[in-house]
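Heavy-atom basis, side chains included; hydrogens, waters and symmetry copies ignored.
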Number of protein chains: 2
Amino acid sequence: MPEPDTDAGSGPRPGAGGTRPTSRDVARAAGVSQATVSLVLGDKWRGRVSERTARAVRVAAGDLGYRPNLAARSLRLGATRTALLVVPALTHEYFARVYAGAAEVADAHGFGVVLYPSPAGVGPARDPFGSARTAIDGVIASSMAADALAAIGDGGLPLVMLDSDPDVPGGPPTVNLAVADGLRQVTRHLLGLGHRRVAHIAADVDTWTFRVRTEAVTAELAAAGLPPAPRRLSALDVTAARDAAVAALTAPGPRPTALLCDDDILAAGACKGARALGLRIPQDVSVSGFDDLALSSALDPELTTVRLPAESIGRHGMTALLALLAGRPAPPVELPLTLVPRASTASAPRG
Amino acid sequence: MPEPDTDAGSGPRPGAGGTRPTSRDVARAAGVSQATVSLVLGDKWRGRVSERTARAVRVAAGDLGYRPNLAARSLRLGATRTALLVVPALTHEYFARVYAGAAEVADAHGFGVVLYPSPAGVGPARDPFGSARTAIDGVIASSMAADALAAIGDGGLPLVMLDSDPDVPGGPPTVNLAVADGLRQVTRHLLGLGHRRVAHIAADVDTWTFRVRTEAVTAELAAAGLPPAPRRLSALDVTAARDAAVAALTAPGPRPTALLCDDDILAAGACKGARALGLRIPQDVSVSGFDDLALSSALDPELTTVRLPAESIGRHGMTALLALLAGRPAPPVELPLTLVPRASTASAPRG
DNA sequence: GGCCGGACGTTATACGTAACACCAGGCGGC
DNA sequence: GCCGCCTGGTGTTACGTATAACGTCCGGCC
């Protein structure tokens with residue numbers, strides 16, 4: 001049979017526009033069979049291939065610029081060694097940091113991570129992961145609404161949930177932040193400064209992680225013998241939060257002396273609202289955030305907030321998914337949070 | 001190193017009733033051959049399969065919950081219909097918005113987009129895309145340093161560069177923002193307000209998009225008969241920018257009346273620095289940014305800045321890559337920028 | 001000398017899909 | 001009566017990889 005193959009291992013041919021070399025090309029160049037190439041490059045050759053042959057294979061692979069065809073490998077193995085990370089929004093710094101943590105652990109185990117930013121949870125059940133049409137082995141989903149969860153479950157893939165209700169019976173393994181405790185810390189911090197009229201600027205987002213925040217604040221106020229904080233909903237957006245703050249500060253009755261915000265972005269808006277009314281922060285009104293975004297130390301005054309270990313939750317999430325893929329159980333995790341007191345909160349004004 | 005976890009996808013999954021159905025299972029259920037299933041589900045059956053048979057196939061596929069094996073499809077087609085978007089950092093809102101634009105166009109063409117956030121451009125040449133080990137058809141790379149570009153080029157994949165030097169002979173197609181013009185607009189804005197002593201807070205990042213900013217500012221000042229602005233380098237970081245601003249404002253000689261910043265993040269730091277010195281913005285010193293991040297309207301006063309059409313550059317980038325993949329040329333693109341004057345700049349103080 | 005077994009490789013196969021080449025029957029034209 | 005053509009499919013193959021099953025040489029031991 002005629003062999004039009006001209007390249008007899010003469011020299012490197014990187015990215016010359018031709019087709020990519022396969023393991024068979026490497027085999028030909030090294031004078032061995034394709035199986036041997038696979039063994040050597042897959043590091044499974046101890047005691048089955050001589051040192052000299054292995055070296056020859058590696059040299060040939062290097063010369064040709066061989067890179068394995070990942071689609072073929074995935075097909076053969078029935079696994080892609082890739083995880084999908086579903087997040088509600090990428091523009092929120094928190095999720096970018098979660099990704100970084102997940103990628104770190106994945107990398108250490110030879111796994112990849114692919115991101116799918118889903119504006120509204122996830123898409124229709126038929127094709128939950130719209131534009132991320134990549135073959136994946138498992139899913140890590142962060143801060144998903146309940147109906148979105150159902151759509152993901154349909155995929156039949158191993159699943160780990162981040163920042164989601166851990167008490168669903170038969171639900172997927174969860175990795176959570178101690179969000180409730182974090183907001184208790186904030187509330188106690190404000191109470192400790194003498195504040196008795198606290199307005200709560202909450203995000204109008206129907207996810208577990210935001211729902212528990214309100215419960216925690218209310219419970220902590222009740223424990224101190226105070227009524228629930230007036231709660232103002234707002235989109236997770238500076239302008240909406242500004243309006244909510246203005247509404248809270250101009251509502252009938254005695255003016256709140258503190259604005260407890262569920263997110264740093266809301267806190268930034270709250271600061272603008274307070275200033276628009278001529279109030280000074282923190283002398284006239286204290287403002288607290290939640291997240292410790294870069295934004296929070298860019299503001300003036302710097303924001304009292306709660307630091308979220310975003311990278312850590314990403315690491316734990318990936319670790320849990322790897323456990324699932326290996327057939328091991330993934331016990332639930334809850335990570336502690338720490339209050340970061342800064343300049344935007346101070347003692348309540350007298351009067 | 002966990003070895004025996006390779007059979008992750010092949011184990012029987014309780015919810016799905018065994019292993020995932022293949023096109024052959026669908027064929028069996030519908031009483032046709034696998035080839036017919038492929039034709040029907042691939043929408044290539046017009047005039048080759050009867051309406052009735054096609055319907056039967058679709059019903060069977062739906063009943064079984066069939067989803068094509070993407071690895072097998074990619075192997076067969078030699079293409080993955082997936083693009084890789086390489087960005088320097090995800091925590092910067094700009095890149096998240098670029099992604100959104102790229103994903104929009106990709107989706108409309110049945111393509112997927114996978115993100116690879118590369119802390120330092122890209123990784124070593126051997127495996128440029130570290131944790132994003134997914135089979136891809138092409139690359140869109142944004143704001144890459146020169147050496148990183150070389151590593152990407154080695155991949156031999158179609159490549160589109162965003163925010164990169166368009167004048168490299170034989171270089172890849174580029175999609176750019178008119179960054180130089182944007183900074184000229186800012187400079188003229190400040191000159192028009194009477195500022196004659198402008199300090200330039202620049203990012204210490206060796207990429208084209210930041211290099212041209214300094215050139216543009218210097219050229220525009222020279223055109224007005226002014227010496228180059230004292231330039232202070234800073235990491236792309238609030239604290240570093242704060243220090244740079246303090247240094248600029250306390251340097252020997254007459255104090256600058258304006259701080260021209262290459263990025264909104266730098267501007268946020270500059271504001272903090274100015275305030276730390278007891279200066280009011282904009283009465284004592286004007287501050288301008290660049291990007292129009294959400295941050296810029298969260299600051300107080302709101303930042304004069306330049307709006308970047310991030311989604312648009314993502315859309316154009318993906319469009320260019322699709323052209324390349326179709327064998328068509330991708331002419332260079334340059335998108336115009338618009339100045340957004342807000343409250344952080346005002347007339348230069350007299351004296 | 002025959003036989004065993006380690007060292008060193010090779011041959012063959014399957015993964016699931018898409019598409020090319022073929023084929024059976026019916027029908028109209030000449 | 002034969003050809004050509006249209007309709008509605010089917011058999012088969014190849015994509016590139018990983019690995020199970022199978023050889024082959026050769027030194028050593030009873």
Problem - Length of the line joining B/L41:CG and C/dA19:P, which is rounded to integer Å - result: 13 Å
Handout entry: Criterion side chain to side chain contact (heavy atoms under 4.5 Å, CB included) on A/V175 and A/V160, from CA distance to verdict
Key = CA-CA 8 Å; A/V175 176; A/V160 171; 4.3 Å; yes
Exercise for the section: Using the side chain to side chain contact (heavy atoms under 4.5 Å, CB included) rule, take B/V32 and B/V57 through it: C-alpha gap first, then chi angles, then the decisive distance, then the call. Expected result: CA-CA 8 Å; B/V32 297; B/V57 167; 3.9 Å; yes
Handout entry: B/V105 vs B/L322 side-chain heavy atoms within contact, under 4.5 Å
Key = yes
Exercise for the section: Find the distance B/L39:CG to D/dT10:C1' and express it as a whole number of Å. Expected result: 10 Å
Practice task
Please determine if a side-chain N or O atom of A/S33 lies less than 4.0 Å away from the OP1 or OP2 oxygen of C/dG9.
Solution key: no
Exercise for the section: Report yes if at least one side-chain N or O of A/S74 is closer than 4.0 Å to OP1 or OP2 of D/dT17; otherwise report no. Expected result: no
Between the protein and nucleotides 12-17 of chain C, are there any N/O to N/O pairs under 3.5 Å, and if so, what are the atom names and distances?
{"from": "C/dT17", "atom 1": "OP1", "to": "B/Y66", "atom 2": "OH", "distance (Å)": "2.4"}
{"from": "C/dT17", "atom 1": "OP1", "to": "B/N69", "atom 2": "N", "distance (Å)": "3.2"}
{"from": "C/dT17", "atom 1": "OP2", "to": "B/S23", "atom 2": "N", "distance (Å)": "2.5"}
{"from": "C/dT17", "atom 1": "OP2", "to": "B/S23", "atom 2": "OG", "distance (Å)": "2.7"}

Exercise for the section: Tell me what A/V32 touches on the nucleic acid: a base, only sugar-phosphate, or nothing, going by heavy atoms under 4.0 Å. Expected result: sugar-phosphate
Handout entry: Derivation of the side chain to side chain contact (heavy atoms under 4.5 Å, CB included) call for B/V113 and B/T82
Key = CA-CA 6 Å; B/V113 181; B/T82 298; over 6 Å; no
Practice task
Compare all side-chain heavy atoms of A/L90 with those of B/L115 and state whether any distance is below 4.5 angstrom.
Solution key: yes
Exercise for the section: Calculate the interatomic distance between A/W45 atom CH2 and D/dT19 atom C1'; express it in whole Å. Expected result: 18 Å
Practice task
Verify side chain to side chain contact (heavy atoms under 4.5 Å, CB included) between A/L85 and A/V114, making sure each step is shown before the conclusion.
Solution key: CA-CA 6 Å; A/L85 177 62; A/V114 158; over 6 Å; no
Fill in the blank from the handout: A/M144 and A/V87 have their tightest heavy-atom pair at CE-C, 4.1 Å
Practice task
Provide, to the nearest angstrom, the distance between the CZ atom belonging to B/R48 and the P atom belonging to C/dA21.
Solution key: 11 Å
Handout entry: Contacting residues from residues 50-57 of chain B, given that a heavy atom lies under 4.0 angstrom of DNA chain C
Key = none
Fill in the blank from the handout: What one should report as the nearest heavy-atom pair of A/L324 and A/A330 is CD1-CB, 3.6 Å
